[in-house]
Amino acid sequence: MKQEDMRLFQLYPLGDAAITVQFGDSIDSDTHNKVRIFSAYLDRHPFPGLVEQVPAFTTVTVYYDPWVVSEKGLYNPYARLTEQLQRMLQLARESRKKPKPRVVEIPVCYGGHFGPDLEYVARRNKLKPQEVIACHARSKYLVYMIGFAPGFPYMGGLSKKIATPRKDTPRPHIPAGSVGIGGNQTGIYPIETPGGWQLIGRTPLTLFDPNRAHPSLLQAGDQVRFVPISEEEFQQRKELEDES
Amino acid sequence: MSLEILKPGLLTTVQDRGRYGYQREGIMVGGAMDTFALRVANLLVGNAQNQASLEITLAGPTIRFSQDHLIALTGADLSPTLDGEPLKQWRTLYVKEGSTLAFGEPKSGCRTYLAVSGGFAIPAVMGSYSTSLRAGIGGLEGRALKAGDRIPCTGITPTGIALLREPATTFSNGTYTYTNWTPDPQLYPNYHPNPTLRAIRGAEYELFSESSKALIWSERFQVSPQSDRMGYRLQGVTISLAEHSDLISSAVTFGTVQVPPEGQPIVLMADHQTTGGYPRIAQVISADLPILAQVVPGQTIDLVEVTLEEAQQLYVRQEQHIAQLERAIQLKNHL
């Protein structure tokens, strides 16, 4: 395995209370691994004044409280934090501890009223609906980040064979759990929102639950597999989810 | 013990300083738009700065107090009255059981904060009382207040009781009492209609055209009616990149000034999404966000550039002012 080179990074201020650490300028697994190593290191080594951190495709943004970091005005908070983060980046690189990715299986009932755009996706890519399902369920997907809406995963790994542009007119209401394709990405709508992705199925799992310790089912760095299920299985799983 | 909502007003929500720690799960911070006013309102009734309060927008609600309460109103002046008598703001107020709080014409600002000593007896969601309308969580059932709501209250805090012993004036007809003591307004942000706000350069500042880089600091922008707790849309000259550029989404924050392709900037406010992919030309400094939060749609803003170092000095100074106020109130508790 290639050793991740954490030396190549850029720091820039996101306003007066956050710093963004950038590890690359394209969406790829090498950059993602650096993001993941540093994010995991920060989780293990929180410091006074750290508010929270947000990993994204190529960046980790560190939100901080300048009042605490400056020790109530004694030091320049940005300079102080930059030094600290550089030390931490060095240590993270040496530790090379990348958390093992979780593999999360997402059961999906494809087609029918759960996936009203499955036929269109098939037609457009000159495939049969069954081939679209097989292709979607065969790939392993990587969750690069959670954003846009509570628990919404940005995932990479969609086969070019089933990539399909978004709808010209977004739907006003997309039910929670809908699985869709938008360009060369696939995703799951965690809560009911408007949206323009082509809907190919629905999962009975609850992707966002404010009462869980981790409200978002998926976290950045997870690997996802979609498992086709029947409508009957969907109903059974859904009842189980609703009970718990 | 509760607040009884007779009329909800335009948009009245429960807010604290926000929901932190969950942005990586796609959950916005939210919280009060004007956190300075929220924090001071809480201090004035002997609460912790982060206690849940009501954020009241432009057209205020009508609220009946089912018990005697210690309250404070800060932020915008929306002509508050108690049983028809004008109320003082930025003060500790003692109001009697059965009295009714109402609002009139908005005189200055956009958002008033109503803090009640002891706060509200409602459940926290993910560590915060803030209402997130988008996710439908927090506050009162994740929604804005409506007529008939009763918000349960916990009761006056020990510091609140100490504040009651301060020299105070009782209004002529006895409906309410206010402390003679009030914080020094010199310590407040410079609340002003059509304000000039200080900002630092955004992460993509250098990607903008030379003329846009000049215009962002020299032109006046109007806050459009399509502005809300999520973002303020600015109308004015068109701001554009030097050349087309696709950005990869990353985290954004309160005060980020981003520019979508059509060229009209958007300032992200308390309910902003956690990530974004539009180029960022500027970032309003934290110390001036309370001023921006009080800008009414239709008013204008000007941006003036400061350095990051200045921004952080101003941040620290504002925290010192709040810490000073907190100490002064704690001292009263020990007298």
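The sequence lines fix the lettering, A, B, ..., with proteins before strands; numbering per chain opens at 1.
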Least distance between heavy atoms, [X] atom then [Y] atom:
X: B:Gly26; Y: A:Ile146; value: N-CG2, 3.7 Å
X: B:Glu309; Y: A:Asn76; value: CG-ND2, 3.8 Å
X: A:Gly15; Y: B:Leu308; value: O-CD1, 3.7 Å
X: B:Ile248; Y: A:Ser26; value: CD1-CA, 3.7 Å
X: A:Gly73; Y: B:Val316; value: CA-CG1, 3.7 Å

Does any heavy atom of chain B fall under 4.5 Å from the side chain of [X], the backbone, both, or neither of them?
X: A:Ala213; answer: backbone
X: A:Ile191; answer: side chain
X: A:Ser70; answer: side chain

Check whether [X] gets within reach of chain A through its side chain, its backbone, both or neither, counting any heavy atom under 4.5 Å.
X: B:Ile137; value: side chain
X: B:Glu25; value: both
X: B:Arg280; value: side chain
X: B:Gln313; value: neither
X: B:Val29; value: side chain
X: B:Ser132; value: neither
X: B:Phe254; value: neither
X: B:Ala282; value: neither

Once rounded to the nearest 0.5 Å, what's the spacing between atom [atom1] of [X] and atom [atom2] of [Y]?
X: A:Leu14; Y: B:Ile200; atom1: CG; atom2: CD1; answer: 8.0 Å
X: A:Trp67; Y: B:Gln318; atom1: CH2; atom2: CD; answer: 11.0 Å
X: B:Thr274; Y: A:Phe152; atom1: OG1; atom2: CZ; answer: 11.0 Å
X: B:Tyr315; Y: A:Asp65; atom1: OH; atom2: CG; answer: 3.5 Å

So with a 6.0 Å cut-off around [atom1] of [X], is the heavy-atom count from everything else above 12?
X: B:Asp302; atom1: CG; result: yes
X: B:Glu262; atom1: CD; result: yes
X: A:Arg80; atom1: CZ; result: yes
X: A:Arg102; atom1: CZ; result: yes
X: B:Tyr205; atom1: OH; result: yes

Which one, B:Val125, B:Val252, B:Thr256, leads in non-hydrogen pairs under 4.5 Å with chain A?
B:Val252

Quick one: does B:Gln23's side chain have a donor or acceptor within less than 3.5 Å of a partner on A:Glu52's backbone?
no

For each of A:Ala220, A:Pro13, A:Ala149, A:Gly151, tally heavy-atom pairs with chain B at distances under 4.5 Å, and name the one with the top tally.
A:Ala149

Counting heavy-atom pairs under 4.5 Å with chain B, which one of A:Tyr144, A:Tyr12, A:Phe57, A:Phe148 comes out on top?
A:Phe148

Any heavy-atom pair between the side chains of [Y] and [X] that's under 4.5 Å?
X: A:Gln53; Y: B:Arg24; value: yes
X: B:Gln312; Y: A:Val69; value: no
X: B:Ser250; Y: A:Gln22; value: no

Is any NZ, NE, NH1 or NH2 atom of the basic residue among B:Arg198 and A:Asp16 found under 4.0 Å from an Asp or Glu carboxylate oxygen of the other?
no

